[in-house]
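Have a look at the structure below before the remarks.
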Amino acid sequence: MFIVKLLRFFGIKFRERKEPYCPPFKPVMPNSKVVAWQINGVDADYMYGYRDITPGLCPICKNTVEKIPNLDYYVPRTNHFQETYDGFVIVSEKFRMFCKVQHFDNITFTPLLHPGGFYIMTPNDIFEVNKEYSDMPVDGDACPACGSREWHGFRMAYSKTDIDENENFIKRLDGFYGSDYRKSYVIIVGMKTKKLMKEFGLRGVYFHEVYYHE
């Protein structure tokens with residue numbers, strides 16, 4: 001805030017970023033049960049960093065409509081699951097091998113060149129959510145070209161159907177979540193999958209509850 005006041009004092013103009021409207025968090029419904037897990041990874045540096053040089057954006061609203069990786073991106077860490085600040089999911093060779101062992105055949109792995117042994121991961125199976133119970137607020141008008149909004153938050157997910165604890169899968173929610181050109185996929189794994197991932201020794205994976213309520 002001090003820097004902002006100083007810039008104004010010297011008459012330096014700048015563009016203030018409008019913060020998205022954040023409604024109150026939805027509570028967990030009584031008698032809900034955990035049926036899956038949403039996963040996040042260790043933070044990694046921007047792949048592009050600026051909207052003007054990021055490909056895969058809507059030409060009208062400049063929000064994400066497709067994730068197109070920079071294959072020359074240098075992976076800065078050795079964790080098995082990482083997420084760049086602009087919404088790309090990076091996994092290690094060990095993570096890819098885990099998916100191969102589990103026969104997760106409908107996942108796309110795009111190899112990065114530096115330093116090798118890392119991939120952009122894109123699950124292609126869609127996890128269906130109960131939109132009434134899930135906490136996924138939006139802000140901004142819908143783009144007339146692509147239908148996206150400046151901000152599509154993700155705070156809590158409810159599954160549309162009950163899921164057996166022995167189901168083993170890696171899926172994603174339909175669409176992109178987050179802000180502007182930094183939107184990303186939300187990835188969901190099964191209850192059994194979480195256990196198997198830990199047994200396989202995958203590092204840098206954080207788990208958050210996905211619920212079901214009748």
Side-chain angles (χ1 to χ4, degrees), residues 17-44 46 51 56-58 61-67 81-91 107 121-144 146-195 197-198 202 204-214:
R17 180 175 177 77
K18 177 180 175 292
E19 292 297 323
Y21 165 69
C22 293
F25 281 75
K26 286 186 178 181
V28 176
M29 299 285 291
N31 301 317
S32 298
K33 66 175 182 178
V34 178
V35 295
W37 299 92
Q38 181 247 336
I39 60 173
N40 288 113
V42 174
D43 290 339
Y46 285 96
R51 177 177 277 181
L57 305 184
C58 172
C61 67
K62 303 301 182 181
N63 291 331
T64 301
V65 294
E66 183 182 5
K67 301 303 290 187
F81 192 91
Q82 306 175 52
E83 294 176 282
T84 70
Y85 293 126
D86 46 357
F88 291 88
V89 174
I90 299 172
V91 299
I107 298 177
M121 184 182 80
T122 307
N124 296 305
D125 290 332
I126 301 300
F127 184 90
E128 296 190 13
V129 297
N130 182 320
K131 294 183 179 180
E132 179 183 356
Y133 297 153
S134 296
D135 193 359
M136 300 184 294
V138 297
D139 186 42
D141 297 328
C143 173
C146 70
S148 73
R149 299 172 187 264
E150 182 76 3
W151 180 67
H152 193 168
F154 176 86
R155 304 194 295 204
M156 178 178 62
Y158 268 83
S159 174
K160 190 174 183 178
T161 59
D162 197 359
I163 302 173
D164 187 272
E165 63 180 10
N166 290 314
E167 286 200 36
N168 185 21
F169 61 84
I170 296 180
K171 299 181 180 182
R172 64 174 174 86
L173 269 57
D174 193 20
F176 297 99
Y177 295 80
S179 298
D180 46 62
Y181 71 97
R182 297 164 294 177
K183 286 185 171 74
S184 63
Y185 292 119
V186 173
I187 298 177
I188 309 293
V189 304
M191 298 283 283
K192 182 178 180 179
T193 314
K194 175 187 176 182
K195 179 181 177 182
M197 291 172 78
K198 287 181 172 292
L202 297 176
V205 187
Y206 301 94
F207 300 88
H208 310 277
E209 295 88 346
V210 174
Y211 299 97
Y212 173 74
H213 182 75
E214 293 184 355

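Keep in mind that this is a model prediction, so the values were computed, not measured. In what follows, every heavy atom counts, from backbone to side chain, and hydrogens, waters and symmetry copies are set aside.
For the atom pair CZ of F88 and OG of S184, the computed distance is 10.0 Å after rounding to the nearest 0.5 Å. One distance of note links CG of L57 with SG of C146; it measures 9.5 Å at 0.5 Å rounding.
Judged by distance alone, with hydrogens and angles left aside, the side-chain atoms of T64 form no donor-acceptor pair with the main-chain N or O of F176 at under 3.5 Å. The main-chain N or O of I188 is never found under 3.5 Å from a side-chain atom of Q38 such that the two would form a donor-acceptor pair. Remark: the backbone N or O of V138 is not paired with any side-chain donor or acceptor of R149 at under 3.5 angstrom. With hydrogens and angles ignored, the 3.5 Å screen pairs a side-chain donor or acceptor of K183 with a backbone N or O of E150.
Here the side chains of P27 and M29 are not in contact, with every heavy-atom distance at 4.5 Å or above. With a 4.5 Å cut-off on side-chain heavy atoms, R51 and D180 count as touching. A heavy-atom distance below 4.5 Å is found between the side chains of P137 and W151. Put simply, the side chain of I187 reaches to within 4.5 Å of the side chain of I170, judged on heavy atoms.
By the side chain to side chain donor-acceptor pair (under 3.5 Å) test, N130 pairs with no residue at all, sequence neighbours left out. In this structure, D125 has no salt bridge (Lys or Arg N to Asp or Glu O under 4.0 Å) partners at least two apart in sequence or on a different chain. T84 meets the side chain to side chain donor-acceptor pair (under 3.5 Å) test with D86; sequence neighbours excluded. Looking at residues two or more places apart in sequence or on another chain, you find a side-chain contact (heavy atoms from CB on, under 4.5 Å) between S134 and V129, M136, A157, Y158. With sequence neighbours left out, F81 forms a ring-ring contact (aromatic ring centres under 6.0 Å, His included) with F95. The ring-ring contact (aromatic ring centres under 6.0 Å, His included) search around Y206 returns none, not counting sequence neighbours. In this structure, D43 has no side chain to side chain donor-acceptor pair (under 3.5 Å) partners at least two apart in sequence or on a different chain. By the side-chain contact (heavy atoms from CB on, under 4.5 Å) test, K192 pairs with N168, L196, sequence neighbours left out.
Seen from the ring of Y185, K67 does not count as a face-on cation partner, given the 6.0 Å and 45° thresholds.
Nearest heavy-atom pair, W37 versus G190, reported as atom, atom and distance to 0.1 Å: CD1-O, 4.0 Å. The two residues C58 and C143 make their nearest non-hydrogen contact at SG-SG, 3.8 Å. When every heavy atom of V189 is checked against every heavy atom of A36, the shortest pair comes out as O-CB, 3.3 Å. Contact between R155 and F25 at its shortest, heavy atoms only, is CD-CE2, 3.2 Å.
A salt bridge is defined here as a Lys NZ or Arg NE, NH1 or NH2 lying under 4.0 Å from an Asp or Glu carboxylate O, and K26 with D135 fails to meet this definition.
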Please tabulate, for side-chain N and O atoms in residues 207-214, each donor-acceptor pair with protein atoms closer than 3.5 Å (sequence neighbours left out).
residue, atom, partner, partner atom, Å
H208, NE2, N40, OD1, 3.1
H213, ND1, P30, O, 3.1

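By the 6.0 Å contact criterion, CG on N166 is enclosed, its count of non-hydrogen atoms from other residues, nucleotides or ligands being greater than 12. The 12-atom threshold is not exceeded at NZ of K62, counting heavy atoms of other residues, nucleotides or ligands nearer than 6.0 Å.
Sorted by first and then second residue, the salt bridge (Lys or Arg N to Asp or Glu O under 4.0 Å) pairs involving residues 159-178 (not counting sequence neighbours) are K33-D162, E128-K160.
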